[in-house]
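Heavy atoms only: backbone and side chains are in, while hydrogens, waters and symmetry mates are out.
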Amino acid sequence: MRDLSSLRFDASSARSDLLGAEFLGEGTNFALFSDHATRVELCLFDESGESEIARLDLPEMEGGIWFGYLPQVAPGQVYGYRVHGPYAPEQGHRFNPAKLLLDPYARELRGAIQWDDALHGYEIGQDDLSLDQRDSAPFMPKAVVVDAAFDWDSDKALRHRWSDTVIYEAHVKGLTRLHPEVPEADRGTFRGLASEAVIGHLQGLGVTTLELLPIHAFANDRHLVEKGLSNYWGYSTLSFFAPHAPYLQSGRIREIKETVRRLHAAGIEVILDVVYNHTCEGSELGQTLSFRGIDNASYYLLSPEDPRHSFDTTGTGNTLNVAHPMVLRMVMDSLRYWVQAMHVDGFRFDLASTLGREAEGFERDGSFFNAIRQDPVLSGVKLIAEPWDVGDGGYQVGGYRWPFREWNDKFRDDTRRFWRRDPGLLPALAERLSGSPVQFDHSHRPATSSVNFVAAHDGFTLMDTVSFNDKHNEANGEDGRDGHDNNLSDNLGAEGPSDDPGILTARLRRIRAMLATMLLAQGVPMILAGDELGHSQQGNNNAYCQDNEISWIDWAAAREDIRAAVAALAAFRRESGLAQNRFLSAEGDPQARWLHPEGREMAEADWQDGELRCMAMQITLDRDQLLVLVNAGEDAEFALPEGEWRLRLDSSADEIARDAPIQGSLALPWQTVMALTRQLT
């Protein structure tokens with residue numbers, strides 16, 4: 001690398017509006033926000049990131065933005081910052097220039113965190129009022145100046161309608177790590193995700209939208225490393241712009257662009273699970289890696305009574321202060337970057353209630369949500385909220401405004417309870433099949449506001465829901481204290497794997513019935529990767545630290561019978577036009593009726609019958625009627641409405657798709673969902 005020690009800033013080309021490191025053709029503009037700093041040093045490193053070769057003070061500051069333009073600094077340059085200011089924890093300030101800091105706008109990283117006590121701003125073994133003056137640079141990843149140029153060819157946003165959307169929640173590594181048809185060098189990376197084998201599988205299932213667990217650079221938490229574990233899920237963000245380097249087979253961000261382009265060409269959107277509610281720096285006792293050392297009092301919510309302490313509504317030790325205009329700008333810049341530069345199609349917001357916290361608590365018209373709603377770029381992509389956090393008043397299912405959709409855990413819980421044969425669940429299931437209107441039919445929200453799921457990354461897989469009564473998290477090393485106990489599961493006669501034919505049949509029927517309930521309901525279905533293959537996590541309902549065969553999908557043991565059922569259900573959903581943008585109603589369009597097994601409309605007494613576990617939803621569409629029958633009880637006879645019906649789906653059958661004409665009545669086996677259609681004259 002050339003000698004940079006004689007470099008000088010060019011004041012005439014410096015720009016304060018370009019935060020981060022922006023290559024402008026002949027040099028790079030550096031800009032960093034720190035409202036309370038007194039001095040900011042830019043540190044340049046060799047290509048390996050191990051040796052510092054130049055250190056320069058950013059010469060300009062306005063509005064709290066420190067900036068400067070360096071001619072001749074090109075893509076590939078490795079850098080970091082040292083920020084000077086008061087070390088006054090009682091006032092919320094934790095500046096310490098001995099700590100090398102990562103640029104919050106870094107697009108690519110070189111190296112990884114090497115855990116050492118020097119990464120802390122205070123002396124370990126003393127309280128956090130002490131000052132640690134050891135250099136942290138040898139243990140820190142560094143930022144890299146990147147070239148944003150990429151030939152997208154004719155790639156453009158797909159913008160699948162919500163009513164056509166089928167989401168598949170997956171982990172970049174876990175989906176591909178054990179796939180035998182993915183080249184070994186590409187397994188566990190974006191390049192593997194773009195393989196013909198994976199794309200073909202998604203297309204065969206009828207997936208329209210791939211939702212990826214966090215791909216932003218994240219920390220492999222020290223306490224996990226010391227236990228021989230790792231942060232597998234990635235909900236511990238280090239950088240909101242740079243991707244997690246181990247997911248890049250090539251080590252370069254263009255690999256993500258190439259993957260997105262290939263998925264788009266196959267008709268598949270890409271949604272990112274993003275964590276803007278907290279960072280990996282933890283509480284005031286955590287490490288100083290970036291935001292804490294740049295401007296702790298601006299980037300984080302601090303206790304109003306004692307700003308020495310972090311204000312934690314996330315359960316992770318800190319809360320990002322998105323109410324601050326420059327922190328909000330960083331989040332918005334990050335979102336726009338992933339849409340405009342990386343061509344992703346939307347986002348799922350982890351613990352989204354935290355993002356709506358204002359002075360008086362959660363506010364659905366808070367600054368973050370309003371900023372997105374008015375943004376000409378972001379308001380047009382897919383936006384999904386995880387509508388809760390761990391703070392007071394954090395559970396807000398149904399509390400968000402359009403254009404947000406929401407994860408609906410009520411759908412998961414009621415569906416599991418119904419098929420577990422809990423009494424009195426017909427009214428709740430009717431709510432879920434009709435799109436949960438009690439939660440979502442308000443404020444001009446569409447019937448696609450509910451994202452319906454029966455399993456997600458957090459909790460039991462669908463196979464484990466029918467195989468275990470209790471969680472088995474021993475591998476996590478927390479003596480079973482982690483993970484929740486309300487799994488709403490039923491092992492159907494044996495805890496864990498079984499060779500009993502009766503148990504295996506019952507498990508398969510219940511899995512198919514729950515998947516059918518999800519894919520035949522109003523709203524937007526979301527499939528957990530591996531559920532269509534019968535994937536088990538051995539009863540672990542909190543596999544966040546299991547980067548191994550517990551979490552990786554075992555393609556060699558894939559259940560073709562479940563995969564075929566999902567594909568048939570998704571195809572029927574698409575072809576029948578089942579999903580509506582308007583909520584179903586007793587009168588109007590689209591019209592819905594609820595039928596008793598005797599063929600009559602459900603009466604109030606029927607809804608109150610706790611032992612009744614069978615009913616039908618009849619929907620009148622433009623040219624057809626659709627009948628969805630559910631039976632969580634014993635074998636039953638169902639009297640059909642007048643006319644010739646055609647059986648299109650039977651979740652109890654080995655061949656799930658049918659087209660047989662039926663009149664009069666229908667034998668409805670135990671643990672079954674059926675779908676029939678009748679053409680209107």
Side-chain angles (χ1 to χ4, degrees), residues 395 397-398 408-441 450 452-455 459-460 462 465-470 484-493 502-503 505-507 509-518 520-523 583-586 592-619 627-641 651-652 665-675:
Y395 188 77
V397 172
N408 185 1
D409 63 333
K410 293 180 181 293
F411 185 96
R412 175 198 62 199
D413 294 354
D414 287 340
T415 300
R416 289 187 180 188
R417 286 190 183 103
F418 177 79
W419 290 107
R420 195 175 63 173
R421 304 185 66 177
D422 289 10
L425 264 295
L426 277 184
L429 190 74
E431 281 282 319
R432 307 310 156 214
L433 285 171
S434 54
S436 300
V438 170
Q439 283 72 39
F440 299 105
D441 190 7
S450 174
N452 301 326
F453 61 101
V454 289
F460 274 164
L462 196 53
T465 300
V466 300
S467 303
F468 294 90
N469 283 345
D470 304 301
H484 57 80
D485 296 312
N486 187 34
N487 295 293
L488 304 174
S489 61
D490 176 11
N491 66 23
L492 289 165
I503 292 175
T505 297
R507 287 177 176 177
R509 280 203 171 192
R510 189 166 290 183
I511 285 173
R512 284 173 164 177
M514 287 193 283
L515 288 168
T517 304
M518 177 180 69
L520 298 179
Q522 298 300 304
F583 283 94
L584 307 178
S585 61
R593 298 171 65 218
W594 299 95
L595 304 180
H596 187 274
E598 295 175 358
R600 57 179 171 79
E601 290 200 32
M602 291 280 286
E604 184 63 30
D606 300 324
W607 291 115
Q608 301 304 319
D609 183 353
E611 298 306 311
L612 184 61
R613 294 182 172 89
C614 180
M615 68 175 180
M617 174 179 69
Q618 182 178 347
I619 306 174
L627 198 63
V628 177
L629 303 94
V630 295
N631 181 24
E634 302 302 322
D635 292 354
E637 191 77 14
F638 205 102
L640 298 175
S651 69
S652 67
S665 64
L666 176 68
L668 193 58
W670 57 280
Q671 297 278 295
T672 298
V673 177
M674 288 187 178

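Distance check: N452 CG to R412 CZ gives 12.0 Å after rounding to the nearest 0.5 Å. Between the OG atom in S665 and the CD atom in E598 there is a gap of 13.0 Å [rounded to 0.5 Å]. If you take CD on Q671 and CG on D635, they are separated by 10.5 Å, rounding to the nearest 0.5 Å. Rounding to the nearest 0.5 Å places NE2 of H596 at 8.5 Å from CZ of F638. Taken from CZ in R509 to OG in S652, the straight-line distance is 4.5 Å, to the nearest 0.5 Å. Within the model, atoms CG of D470 and CG of N487 stand 8.0 Å from one another, a figure rounded to the nearest 0.5 Å.
A donor-acceptor pair under 3.5 Å is formed between the side chain of R507 and the backbone N or O of V466. Panel note: side chain T415, backbone V454; no donor-acceptor pair is recorded below 3.5 Å. D606 contributes a side-chain N or O that, together with a main-chain N or O of A603, makes up a donor-acceptor pair within less than 3.5 Å.
The two residues G459 and H484 make their nearest non-hydrogen contact at CA-NE2, 4.2 Å. Scanning both residues, N491 and I503, for their nearest heavy atoms gives O-CG2, 4.3 Å. Heavy-atom minimum distance, L595 versus M602: C-CG, 3.7 Å. Across F583 and S434, no two heavy atoms sit closer than the pair CD2-O, 3.9 Å. The two residues S651 and A516 make their nearest non-hydrogen contact at CB-CB, 4.4 Å. Contact detail for W607 and L426: the closest heavy-atom pair is CZ3-O, 3.7 Å.
For the pair R432/S450, no side-chain contact is recorded, criterion being any heavy-atom separation below 4.5 Å from C-beta on. Within the 4.5 Å cutoff, the side chain of V397 has heavy atoms near those of the N408 side chain. Contact check for D414 versus E431: no side-chain heavy atoms found under the 4.5 Å cut-off. Using a 4.5 Å cut-off on side-chain heavy atoms (C-beta onward), M674 and V628 make no contact. A 4.5 Å side-chain heavy-atom check between E611 and P423 finds at least one atom pair inside the cut-off.
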*Any chance you could lay out the side-chain contact (heavy atoms from CB on, under 4.5 Å) test for L433 and Q522, step after step, and finish with the verdict?*
CA-CA 6 Å; L433 285 171; Q522 298 300 304; over 6 Å; no
*I would like to know whether L627 and M617 meet side-chain contact (heavy atoms from CB on, under 4.5 Å); could you show each step before the answer?*
CA-CA 6 Å; L627 198 63; M617 174 179 69; over 6 Å; no
*Step by step, would you call Y395 with D409 a side-chain contact (heavy atoms from CB on, under 4.5 Å)?*
CA-CA 11 Å; Y395 188 77; D409 63 333; 2.7 Å; yes
*Does the pair R613 and L425 meet the rule for a side-chain contact (heavy atoms from CB on, under 4.5 Å), with working shown?*
CA-CA 8 Å; R613 294 182 172 89; L425 264 295; over 6 Å; no
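Between F468 and F460, the ring planes lie tilted relative to each other; the angle falls in the 30° to 60° range.
A salt bridge does not link K410 to D413: none of the charged nitrogens lies less than 4.0 Å from a carboxylate oxygen. Ion pairing between D490 and R510 holds under the 4.0 Å rule for side-chain N and carboxylate O.
T672 and N631 share no donor-acceptor pair across their side chains, judged by distance under 3.5 Å alone.
The stretch residues 419-428 participates, sequence neighbours left out, in these side chain to side chain donor-acceptor pair (under 3.5 Å) pairs: W419-T517, R420-D422, R421-E634.
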